[in-house]
Structure formats: C-alpha cells, structure tokens
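What follows is a short report on a single structure.
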Amino acid sequence: MDCIFCKIAAGEIPSKKVYEDDMILAFHDISPASPVHILVIPKEHIPCANNINSNNSNVVAHIYEVIPKIAKEQGIGEKGYRIVNNCGEDGGQTVGHLHFHVLGGRNLKWPPG
Ligand code: 5GP
Ligand code: ZN
C-alpha cells in the first residue's frame, strides 16, 4: 500500500521521532504550523476517524494516554496545546492514515477557520 505514514512507521521513510512503542509512533511534522508540531500515528493503517471501531479504538485511547507525556517532554504541557484530527476532504485531511496533530508553543487561535 502506498501510504506515507505506513512507510514512516516501517522506517522506510525517515522521520524525527519523539516517541515509539509497539502500537504508535510520534514524530515532528515536516511542515510545522506552530513552534511545537508533533504527529502521533497508530502503526496499524487506519484511514481516518470514520474507521475507528470497537476493535481498534484501544490504539486511540493509547494515543491519548501518551500525548500528555509527549507534551510535557516538548515543554508545552503546562501552557497547553491542541490535539487535532482532520478527517476527509472538508476536514483538511491530506494523508489518509489516522494521525493526531499536537500543536503548541504559541497561543493558538480558536476557531481555526
Ligand atoms: P493532515 O493535513 O492530513 O491532517 O496532516 C498531514 C500532515 O502530515 C501535514 O501537517 C504535513 O505537513 C505532514 N506530512 C506530510 N508528509 C510528511 C512527511 O513525509 N513527513 C512528516 N514528518 N510529515 C509529513
Ligand atoms: Zn498507512
């Protein structure tokens, strides 16, 4: 399958890794939208939020358990951060492998527009 994030998870495409375990991987976004911009992905190919179900939602729970640790390590735990999951065309999804953006390091505007 021609999926860029599967290739990153397999180590076939290099990334600036910040966290890895058997289920998930976190790395710096190649085009950061804020001073800290980390992507957290399941190693398993899940296309987007529409494909989360009772068989795979444990990986999403795990991602949400790990994100606060990553945020703390990146120095944004206290001031705060935003977790973004884009789904589909109108959601602004450009890579069809479920991923969570962790954005911080500046005051993020809301609503995003
Ligand atoms: P989306 O728009 O799908 O929510 O987010 C995809 C994100 O992946 C974008 O922020 C984009 O900068 C990032 N991205 C795309 N290709 C690569 C890559 O090869 N390496 C890394 N580290 N990030 C990527
Ligand atoms: Zn994939």
Side-chain angles (χ1 to χ4, degrees):
M1 193 193 307
D2 202 28
C3 170
I4 193 162
F5 286 178
C6 279
K7 287 179 180 166
I8 286 176
E12 291 164 17
I13 292 175
S15 67
K16 283 170 67 184
K17 250 182 250 179
V18 299
Y19 178 87
E20 181 171 17
D21 63 29
D22 56 335
M23 291 169 82
I24 68 172
L25 178 68
F27 51 94
H28 288 275
D29 194 292
I30 204 166
S31 178
S34 53
V36 176
H37 187 170
I38 305 294
L39 298 173
V40 191
I41 68 168
K43 288 187 170 178
E44 177 192 356
H45 183 83
I46 300 170
C48 80
N50 287 338
N51 309 98
I52 298 168
N53 56 50
S54 56
N55 293 316
N56 61 22
S57 61
N58 60 325
V59 75
V60 179
H62 183 56
I63 283 171
Y64 270 81
E65 283 173 21
V66 171
I67 282 174
K69 296 173 189 165
I70 294 171
K72 191 177 177 189
E73 274 172 23
Q74 295 294 320
I76 59 172
E78 287 300 315
K79 284 206 85 177
Y81 51 91
R82 182 172 298 159
I83 303 169
V84 173
N85 170 228
N86 297 325
C87 180
E89 191 183 344
D90 278 0
Q93 186 178 14
T94 59
V95 177
H97 179 128
L98 185 69
H99 54 280
F100 295 84
H101 300 256
V102 181
L103 301 150
R106 68 173 168 82
N107 196 296
L108 300 161
K109 289 187 174 37
W110 188 264

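Not measured: the values here are computed from a predicted model. Counting convention: from 1, in listed order, for ligands and their atoms alike.
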Can the ring centres of H99 and H101 be said to be less than 6.0 Å apart?
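Yes - the distance between ring centres of H99 and H101 falls below the 6.0 Å cut-off.
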If you have a sec, work out which protein heavy atom is nearest [atom] and how many Å separate them, to one decimal?
| atom | value |
| --- | --- |
| atom 3 (O) of ligand 1 | T94 N, 2.6 Å |
| atom 5 (O) of ligand 1 | H99 NE2, 3.0 Å |
| atom 22 (N) of ligand 1 | H28 O, 2.9 Å |
| atom 14 (N) of ligand 1 | I30 CG2, 3.8 Å |
| atom 16 (N) of ligand 1 | I4 CD1, 3.9 Å |
| atom 10 (O) of ligand 1 | D29 OD2, 2.5 Å |

Heavy-atom contacts with [X] under 4.0 Å: which atoms of ligand 1 show up? List them by number with element.
| X | answer |
| --- | --- |
| L39 | 8 (O), 13 (C), 23 (N) |
| F27 | 21 (C), 22 (N) |
| F5 | 8 (O) |
| H101 | 1 (P), 4 (O), 5 (O), 7 (C), 10 (O) |
| S31 | 12 (O) |
| Q93 | 3 (O) |

Are any of the heavy atoms in [X] under 4.0 Å away from ligand 1?
| X | answer |
| --- | --- |
| V95 | yes |
| N85 | no |
| G92 | yes |

Quick one: pull up [atom1] in [X] and [atom2] in [Y] and give me the separation to the nearest 0.5 Å.
| X | Y | atom1 | atom2 | result |
| --- | --- | --- | --- | --- |
| F5 | L25 | CZ | CG | 10.0 Å |
| N51 | E44 | CG | CD | 10.0 Å |
| K79 | N107 | NZ | CG | 7.5 Å |
| Q93 | L98 | CD | CG | 7.5 Å |
| L39 | K16 | CG | NZ | 12.0 Å |

Test of understanding: clusters of I, L, V, M, F, W, Y form through side-chain heavy atoms closer than 4.5 Å, transitively. Do V18 and I67 belong to the same one?
yes
Is there a side-chain contact between I70 and V102, using heavy atoms and a 4.5 Å cut-off?
no
V36 and Y81, any side-chain heavy atoms less than 4.5 Å apart:
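Result no, sub-4.5 Å side-chain heavy-atom pair not found.
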Do other residues, nucleotides or ligands put more than 12 heavy atoms under 6.0 Å from D21 CG?
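Counting other residues, nucleotides and ligands, CG of D21 exceeds 12 neighbours.
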Using a 6.0 Å cut-off, check whether atom CD of E78 has over 12 heavy atoms from anything other than its own residue.
no
Pair I4-H97, side-chain contact (heavy atoms from CB on, under 4.5 Å): steps then yes or no
CA-CA 8 Å; I4 193 162; H97 179 128; over 6 Å; no
Here the N/O/S atom of H45 closest to the Zn ion (ligand 2) would be ND1
Nearest to the Zn ion (ligand 2) - the N/O/S atom of H97, by atom name:
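Looking at H97, the N, O or S atom with the least distance to the Zn ion (ligand 2) is ND1.
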What is the SG(C6)-the Zn ion (ligand 2)-SG(C3) angle, to the nearest 10 degrees?
120°
Tell me whether H37 has any N or O atom under 3.5 angstrom from an N or O of ligand 1.
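No, no N or O pair falls under 3.5 Å.
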Part of V84 within contact of ligand 1 (heavy atoms, under 4.0 Å):
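For V84, no heavy atom sits under 4.0 Å from ligand 1.
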